[in-house]
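Below: one structure, written as structure tokens.
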2 protein chains.
Amino acid sequence: MTDDPRWLSPRELQAWMRLEAVAELLPAALDQQLQRDADLSHYEYLVLAKLSEAPDRTLRMSGLAASTNATLPRLSHVAARLEARGYLTRVRSADDRRATLATLTEDGWRKVVATAPSHVTEVRRLVVDRLTAEQVDQLDAIALAVLGALDPDNRLEAQNPVAGA
Amino acid sequence: MTDDPRWLSPRELQAWMRLEAVAELLPAALDQQLQRDADLSHYEYLVLAKLSEAPDRTLRMSGLAASTNATLPRLSHVAARLEARGYLTRVRSADDRRATLATLTEDGWRKVVATAPSHVTEVRRLVVDRLTAEQVDQLDAIALAVLGALDPDNRLEAQNPVAGA
DNA sequence: ACCGGTTGGTTGACGCTTCAACCCCATCGA
DNA sequence: TCGATGGGGTTGAAGCGTCAACCAACCGGT
């Protein structure tokens with residue numbers, strides 16, 4: 001723990017500090033826009049968005065948690081609030097009665113539809129439109145490489161087969 | 001707000017979702033390692049690290065807040081805890097008596113020295129060592145571009161003139 | 001010298017995430 | 001059939017960040 005590691009080179013250090021800054025500032029910026037325009041946190045929006053893309057607009061809590069990179073307790077709390085606001089409903093699965101199925105309500109669907117455009121616009125403004133097409137591809141490759149360490153079980157892809165095996 | 005934006009292309013969407021995942025998972029991973037090995041949050045470590053690099057190991061609260069990408073209230077709370085743990089001290093500036101100067105104590109210095117190696121190792125494991133040299137440069141350019149939108153006043157660079165004007 | 005406006009910083013209340021404990025149900029072995 | 005094990009999910013308490021209110025001190029004008 002106290003032995004000398006390989007220190008970062010100046011280029012590595014600079015890239016790292018900038019990534020650190022982005023990782024700190026980006027979530028806050030997304031939260032702010034969504035809070036202001038839709039009274040939703042970024043994570044709440046993510047939950048609604050994932051449900052909106054699912055078959056029957058329904059997902060198991062555990063699957064929803066995995067696909068949104070969250071712990072189950074966190075999702076449970078958020079789902080409780082969203083349910084209280086009428087955006088989703090939770091029912092026990094008939095199939096496996098330990099499981100809980102979350103379903104987007106009609107109101108929830110309308111909320112997503114109403115919110116998505118401004119969110120996409122913000123994502124473009126903050127990230128996508130500031131990068132060249134090559135940089136978008138580079139970013140994809142870099143993020144994938146980093147996710148290899150951050151998400152060893154690939155829980156994200158497992159739910160969302162982008163280029164399926 | 002409800003008008004159709006330019007939607008993301010498949011490539012853009014994938015890169016975005018992966019960046020989103022990294023921004024969500026990376027801070028948590030760093031927190032975990034530091035918490036386990038040093039009983040420090042990532043942000044607390046950042047504060048101590050910045051102080052350790054400053055002249056006289058001393059910085060104004062406002063400057064420290066800017067260079068760590070945090071709000072002043074947040075820093076104030078964190079500094080109070082770090083002071084209680086004996087890692088830094090706060091005194092009113094003689095020069096401008098509204099200002100507060102935070103100084104790293106000897107204990108704080110030792111804490112940083114003891115913690116830095118394992119932190120760097122973790123940064124390498126999660127990010128730097130998973131990228132090629134080209135990708136590190138690409139990441140630097142991409143992060144810089146994004147920071148242009150996230151940090152319009154360039155508060156970060158202002159404190160830390162990398163290639164100073 | 002004084003008074004309004006502004007900057008620097010702290011404090012307290014609130015909201016969200018985390019962690020641990022807990023309950024319910026499915027599964028497996030006897 | 002019964003008991004043990006473990007997975008799925010929720011709940012409550014604790015900790016940290018945010019926001020708004022507040023105090024203190026500098027600065028400009030008069």
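Naming: A, B, ... by sequence-line order, numbering from 1 per chain.
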Using a cut-off of under 3.5 Å, enumerate the N/O to N/O pairs linking the protein to nucleotides 23-27 of chain C.
from   : atom 1 : to    : atom 2 : distance (Å)
C/dA26 : OP1    : A/R97 : N      : 3.0

Inset, instruction - Could you state the atom-to-atom distance from CZ of B/R90 to C1' of C/dT11 in whole Å? - result: 11 Å

Inset, instruction - Say whether B/T68 and B/Y43, considering side chains only, have a donor N or O and an acceptor N or O under 3.5 Å apart. - result: yes

Legend entry - Whole-Å distance separating the NE2 atom of A/H42 from the C1' atom of C/dG15: 18 Å

Legend entry - Worked check of side-chain contact (heavy atoms from CB on, under 4.5 Å) between B/T115 and B/D37: CA-CA 8 Å; B/T115 305; B/D37 295 350; over 6 Å; no

Inset, instruction - Return yes if a side-chain donor-acceptor contact under 3.5 Å exists between A/S118 and A/Q33, otherwise no. - result: yes

Inset, instruction - Round to a whole Å and report the spacing from CG of A/L75 to C1' of C/dT18. - result: 14 Å

Legend entry - Nearest-Å distance for atom pair CD/C1', residues B/Q32 and C/dC19: 12 Å

Inset, instruction - Could you tell me the separation between the CD atom of B/E83 and the P atom of C/dG9, rounded to a whole number of Å? - result: 14 Å

Inset, instruction - Could you say whether A/P73 or B/A79 is positioned toward the 5' end of DNA chain C, judged by the nucleotide with the nearest heavy atom to each? - result: B/A79

Legend entry - Residues A/R74, B/E24: salt bridge by 4.0 Å N-O rule: yes

Legend entry - Interatomic distance where CZ belongs to B/R81 and P belongs to C/dG12 [whole Å]: 14 Å

Legend entry - Any N/O donor-acceptor pair, B/H77 side-chain to C/dG12 base, under 3.5 Å: yes

Inset, instruction - Please state whether the phosphate of C/dG15, meaning OP1 or OP2, lies under 4.0 angstrom from any side-chain nitrogen or oxygen of A/R74. - result: no

Inset, instruction - Determine, for A/D39 against A/R85, whether the closest basic-nitrogen to carboxylate-oxygen distance falls under 4.0 angstrom. - result: yes

Inset, instruction - Would you mind telling me which residue lines up with the more 5' stretch of DNA chain D, A/R60 or A/A28, judged by nearest nucleotide? - result: A/R60

Legend entry - chain B contact limits on DNA chain D, taken 5' to 3' with a cut-off of 4.0 angstrom to heavy atoms: D/dC16 to D/dC26

Legend entry - Side-chain donor-acceptor contact under 3.5 Å, B/Q35 with B/S41: no

Legend entry - All side chain to side chain contact (heavy atoms under 4.5 Å, CB included) counterparts of A/E20, not counting sequence neighbours: A/W16, A/M17, B/H42, B/L46

Inset, instruction - May I ask you to say what A/T100 touches in the nucleic acid, namely base, sugar-phosphate or nothing, with a heavy-atom cut-off under 4.0 Å? - result: sugar-phosphate

Legend entry - OP1 or OP2 of C/dC19 under 4.0 Å from side-chain N/O of A/T71: no

Legend entry - Rounded interatomic separation in angstrom, taking CD from A/Q35 and P from C/dG15: 12 Å

Inset, instruction - Looking only at non-hydrogen atoms, find the nearest pair between A/R90 and A/S76 and report the distance. - result: NH1-O, 3.7 Å

Inset, instruction - May I ask you to say whether A/R11 pairs ionically with B/D140, meaning some side-chain N is under 4.0 Å from a carboxylate O? - result: no

